[in-house]
Asker: 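Supplied in C-alpha cells, the structure appears directly below.
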Amino acid sequence: MEAATVKELYAEKEKYLNKKILVNGWVRTARPSKAFGFIELNDGSFFSNIQVVYDDKLENYNEVSKLITGSAIIVAGQIVESPGAKQPFELKAESIEVQGLSSPDYPLQKKRHTFEYLRTIAHLRPRTNTFSAVFRIRSIAAYAIHKFFQENGFVHVHTPIITGSDAEGAGNMFRVSILDFDRTPHNEKSAVDFTKDFFGKETNLTVSGQLEAETYCMAFSKVYTFGPTFRAENSNTPRHAAEFWMLEPEIAFAGLAENMDLAEAMLKFIVSYVLENTPEEMRFLNSFVDKSLLERLESMVESTFGHLTYTEAVDILKKSGQQFEYPVAWGIDLQTEHERYITEKHFGKPVFITDYPKEIKAFYMRMNDDGRTVAAMDLLVPGIGELVGGSQREERLGFLEKRMFELGLNKEDYWWYLDIRKYGGVRHAGFGLGFERLLMYLTGMTNIRDVISFPRTPKNAEF
RNA sequence: UCCUCGAUAGCUCAACGGUAGAGCAACCGGCUGUUAACCGGUAGGCUGUAGGUUCGAAUCCUACUCGGGGAGCCA
C-alpha cells in the first residue's frame with residue numbers, strides 16, 4: 001500500500017479520494033466511544049491534521065480506543081469524503097499499528113497552554129498548533145532569505161563562529177577557552193596567560209560576522225552571511241536572546257541608498273514568500289495570536305517605506321506635542337518610545353531613519369561631509385521597532401584610522417580590516433537583520449523565546 | 001542591571017489570618033458521527049525555597065530563586 005503525507009492528501013484530494021493509503025503520525029486528540037472513535041492525526045508535513053475514523057472491526061480495537069495523546073501510529077485505510085463540516089475528507093481505518101505509546105503524564109493536553117509553560121517543555125512544544133506554525137514559518141523564511149540573495153547574485157559566506165578579534169564592541173562576548181578554571185595559568189603580570197590556551201590567544205563567540213563579510217565583499221561584490229550570533233548581555237526582555245541568528249548582507253560599489261533599497265526589496269520578498277507558502281499557518285496565527293497580522297504584512301508589501309534623516313526625526317518628535325519620558329534633543333539616541341511614535345503614529349508604516357550623530361554609532365560607519373553625522377540607517381517597523389540596522393562603511397583609510405583612534409581602538413587588532421581599505425578599497429554598505437526579530441514580525445509572536453527552538457537567555461540554557 | 005507584578009493539584013485558576021477547592025488532563029465506567037466531543041465516578045497537595053510575626057500563615061513581613069510586563073544595552 002502506498003504511503004502519503006497529510007500535505008499530499010490536502011494538495012491532491014481528488015487523486016487520493018477512495019484510494020487505500022498508509023499515513024504515519026502522532027495522535028493530537030482521541031475521541032473514543034463504545035463501538036467507534038475518532039483520532040486527529042498529525043504527521044508534521046502539514047499544519048492541519050487528518051481525522052482518522054475507526055470502529056470495533058479493528059483487530060486491536062481495545063488498544064486503539066485507549067490511545068493517549070502523543071502516541072505514534074501507522075494507519076492503513078481509505079480516504080473518503082467526510083460527513084463532518086470541519087474537514088473535507090477523512091481516513092477510514094482498516095488497520096492501526098501502534099508504533100510508540102505515549103504515557104498518561106504526557107504534558108500536552110487538549111487545551112490551550114500558556115507560552116510560559118510550553119517553554120518549560122521546549123522539546124514537546126513543536127507538537128502544538130502555534131509552535132508548529134511558528135517553526136515551519138521559521139524554516140520557510142530562512143529559505144526565502146537564501147532564495148532572495150542567491151537569485152540576486154549574492155555569494156553566501158560562512159563567517160567564523162569563534163573569533164579572535166573582539167570586534168566592534170557590539171556587546172559583551174562569551175569566552176571560548178579550554179583553560180582549567182581552577183588553575184588558570186598566569187603570566188609575569190599575573191594576568192591570565194592566554195598563550196597557554198587552545199588558540200594561543202583570547203578567543204570568543206562571534207557577536208557579528210560583518211567585519212569578515214566585508215573582506216569577502218571586496219572579492220565577490222555582493223555577499224551575505226547568515227548564522228548564529230552570541231551576546232553575553234544581561235538583557236531580560238522579550239526581544240533579546242544570548243544566542244540568535246543574524247543576517248548580514250554587504251554590497252560593494254554601493255552606498256546608503258542602494259543599501260536601503262536592498263533591505264526594502266528583501267523584506268518584501270520574504271514577507272510575500274511566507275504569505276504565499278504558509279497560508280494555513282498564517283491564518284491560524286492571525287486568528288489565535290495576532291488578529292492584525294495579515295493586514296499588517298499585506299500592507300507592508302504594498303507600502304513604500306518612509307525615509308527621513310535623524311535630524312528630521314528629532315524635529316518631528318519635538319513638534320509632536322507628545323510627552324516623552326526621555327526628552328528629545330539632537331544628539332540623543334532615539335528611545336523605544338520615540339521610535340514607536342515615528343513608525344506607528346507618524347508614518348504608520350516601515351520607515352528608514354538615516355544620518356545619525358557619529359557619537360551614537362559604530363566606528364566603521366562612513367563620515368558624512370558635515371563631519372558630525374555618519375551614513376547609518378535604521379529601519380523601524382510598527383510593532384517591533386528596529387528591525388534592520390546598517391550603514392555605508394568608511395572606505396577611506398585615513399578617516400577610518402582617525403575614528404578608531406578617537407574611540408581608543410587598537411589599529412593592530414584590526415590590521416586585516418584596514419588592509420581591505422589599502423588594497424582596492426571601494427565604497428560599500430551593508431546591514432544586519434536579527435532573524436528572530438523578523439520572525440516575531442512575521443508571526444505576531446511577542447516573545448523571542450517563542451520563535452527560537454531552544455532559547456538561550458540569562459540563567460536559562462536547559463535542553 | 002533597574003522598576004513592577006506574580007509563584008496554590010500534571011495544566012489553568014479560586015480560597016476574609018481559622019480544616020485547601022473547581023474546570024481540564026489522568027484513571028474507571030457509559031455513549032452509534034465526534035470536532036478542545038459529551039455524561040457519571042475515582043484518585044491527586046509540606047501552597048517556589050529559607051527565615052520571621054502570630055494561639056493559628058496559602059494569606060502578613062524579610063531575603064533568595066524562578067517567571068511575566070516595562071526600561072536600559074542591542075539585533
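Proteins get letters first, then strands, A, B, ... in listed order; numbering begins at 1 in each. In this text the structure is predicted, and so the values were computed from the model without any measurement.
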Asker: According to side-chain contact (heavy atoms from CB on, under 4.5 Å), who are the partners of A/Ala252, at least two apart in sequence or on a separate chain?
Answerer: A/Cys217, A/Met218, A/Ser221, A/Val426, A/His428
Asker: Starting from P on B/A75, measure out to CZ on A/Phe226 and report it in whole angstrom.
Answerer: 16 Å
Asker: Please report the distance, rounded to the nearest Å, between CG in A/Asp333 and P in B/A75.
Answerer: 10 Å
Asker: Suppose we screen for side-chain hydrogen bond (donor to acceptor under 3.5 Å, both in side chains). Which residues come up paired with A/Asn236, at least two apart in sequence or across chains?
Answerer: A/Asn234
Asker: Using a heavy-atom cut-off of 4.0 Å across all strands, would you classify A/Gly84 as base, sugar-phosphate, or nothing?
Answerer: base
Asker: I need a per-nucleotide contact map over nucleotides 23-30 of chain B, read 5' to 3'. Cutoff is protein heavy atoms under 4.0 Å; write B for the base, S for backbone only, - otherwise.
Answerer: BBSSS---
Asker: Going by side-chain hydrogen bond (donor to acceptor under 3.5 Å, both in side chains), name the residues that satisfy it together with A/Ser303, two or more places apart in sequence or in a different chain.
Answerer: none
Asker: Nearest whole angstrom, please: distance from the P of B/C11 to the CG of A/Leu124.
Answerer: 14 Å
Asker: Can you tell me, in whole Å, how much space there is between the P of B/U4 and that of B/C64?
Answerer: 14 Å
Asker: B/G67 C1' sits how many Å from A/Leu118 CG, rounded?
Answerer: 14 Å
Asker: B/G29 and B/G10: how far apart are their P atoms, nearest whole angstrom?
Answerer: 24 Å
Asker: Please report, rounded to the nearest Å, how far the C1' atom of B/G33 is from the CD atom of A/Glu40.
Answerer: 13 Å
Asker: Got a sec, which residues hit side-chain hydrogen bond (donor to acceptor under 3.5 Å, both in side chains) with A/Lys147, two or more places apart in sequence or on another chain?
Answerer: A/Glu151
Asker: Counting any heavy atom closer than 4.0 Å, what does A/Gln51 reach on the DNA or RNA strands: base, sugar-phosphate only, or nothing?
Answerer: base
Asker: Taking CD1 from A/Ile39 and C1' from B/G33, how many angstroms apart are they, rounded to a whole number?
Answerer: 15 Å
Asker: Of the listed nucleotides (B/C74, B/U12, B/G33), which one gets closest to any side-chain atom of A/Tyr117?
Answerer: B/U12
Asker: Examine the base of B/U34 for any acceptor or donor lying under 3.5 Å from a partner atom in the side chain of A/Gln87, and report the outcome as yes or no.
Answerer: yes
Asker: How would RNA chain B look in dot-bracket form, 5' to 3', counting Watson-Crick and G-U wobble pairs with both distances under 3.5 Å and writing | for bases paired to another strand?
Answerer: (((((((..((((....[..)))).(((((.......))))).....(((((..]....))))))))))))....
Asker: Is A/Glu462 touching bases, backbone alone, or none of the nucleic acid, heavy atoms closer than 4.0 Å?
Answerer: nothing
Asker: Quick one: side-chain contact (heavy atoms from CB on, under 4.5 Å) partners of A/Asn410, sequence neighbours excluded?
Answerer: A/Glu412, A/Asp413
Asker: What do you reckon, is NZ of A/Lys13 surrounded by more than 12 foreign heavy atoms closer than 6.0 Å?
Answerer: yes
Asker: Can you pull the ring pair (Phe, Tyr, Trp, His ring centres under 6.0 Å) pairs that have at least one residue in residues 443-463 of chain A, sequence neighbours excluded?
Answerer: A/His123-A/Phe463, A/Phe454-A/Phe463
Asker: Within a 6.0 Å radius of atom CZ on A/Phe135, are there more than 12 heavy atoms belonging to other residues, nucleotides or ligands?
Answerer: yes
Asker: Reading RNA chain B from 5' onward, which residue's closest nucleotide shows up sooner: A/Val388 or A/Pro458?
Answerer: A/Pro458
Asker: So, using side-chain hydrogen bond (donor to acceptor under 3.5 Å, both in side chains) as the criterion, who are the partners of A/His307 when residues are at least two apart?
Answerer: none
Asker: Measuring only the P atom in each nucleotide, how far is B/A20 from B/G45? A whole number of Å is fine.
Answerer: 13 Å
Asker: The side chain of A/Lys459 is closest to which nucleotide in this list: B/U34, B/C66, B/A75?
Answerer: B/C66
Asker: Quantified in whole Å, what is the C1' atom distance between nucleotide B/A7 and nucleotide B/U12?
Answerer: 14 Å
Asker: For atom P, what is the distance between B/G6 and B/C16, given to the nearest Å?
Answerer: 15 Å
Asker: Rounding to the closest angstrom, what is the interatomic distance between B/G56 and B/U65 at atom C1'?
Answerer: 28 Å
Asker: Separation of A/Lys57 atom NZ from B/U32 atom C1', in whole Å?
Answerer: 11 Å
Asker: Centres of the A/Phe154 and A/Phe148 rings: under 6.0 Å?
Answerer: no
Asker: Tell me every residue that passes side-chain contact (heavy atoms from CB on, under 4.5 Å) with A/Glu97, counting only those two or more places apart in sequence or in another chain.
Answerer: A/Ile74, A/Gln99
Asker: Could you work out the separation of B/C60 and B/C55 based on their C1' atoms and round it to a whole Å?
Answerer: 16 Å
Asker: Which whole-number value in Å describes the distance from A/Ile50 CD1 to B/U35 P?
Answerer: 19 Å
Asker: Looking for any heavy atom pair under 4.0 Å, which part of the strands does A/Leu433 touch: base, sugar-phosphate only, or nothing?
Answerer: nothing
Asker: If we require ring centres under 5.5 Å and near-parallel planes under 30°, does A/Phe38 stack on B/G33?
Answerer: no
Asker: Under 6.0 Å from the ring centre and within 45 degrees of the ring axis: does the NZ or CZ of A/Lys268 meet both conditions for the six-membered ring of A/Phe305?
Answerer: yes
Asker: Could you list the residues that satisfy salt bridge (charged side-chain N to carboxylate O under 4.0 Å, His left out) with A/Glu8, not counting sequence neighbours?
Answerer: none
Asker: Check the phosphate of B/A37 against A/Arg31, side-chain N and O only, distance under 4.0 Å to OP1 or OP2. Yes or no?
Answerer: yes
Asker: Would the number of heavy atoms belonging to other residues, nucleotides or ligands and lying under 6.0 Å from CZ of A/Phe324 be above 12?
Answerer: yes
Asker: All N/O contacts under 3.5 Å from nucleotides 69-72 of chain B to the protein, with atom names and distances to one decimal?
Answerer:
unit_1 : atom_1 : unit_2   : atom_2 : d
B/A71  : O2'    : A/Tyr326 : OH     : 3.4
B/A71  : N6     : A/Asn236 : O      : 3.4
B/G72  : OP1    : A/Gln335 : OE1    : 2.4
B/G72  : OP2    : A/Thr336 : OG1    : 2.9
B/G72  : N2     : A/Asn234 : O      : 3.4

Asker: C1' atom, B/C27 versus B/G44: distance in rounded Å?
Answerer: 11 Å
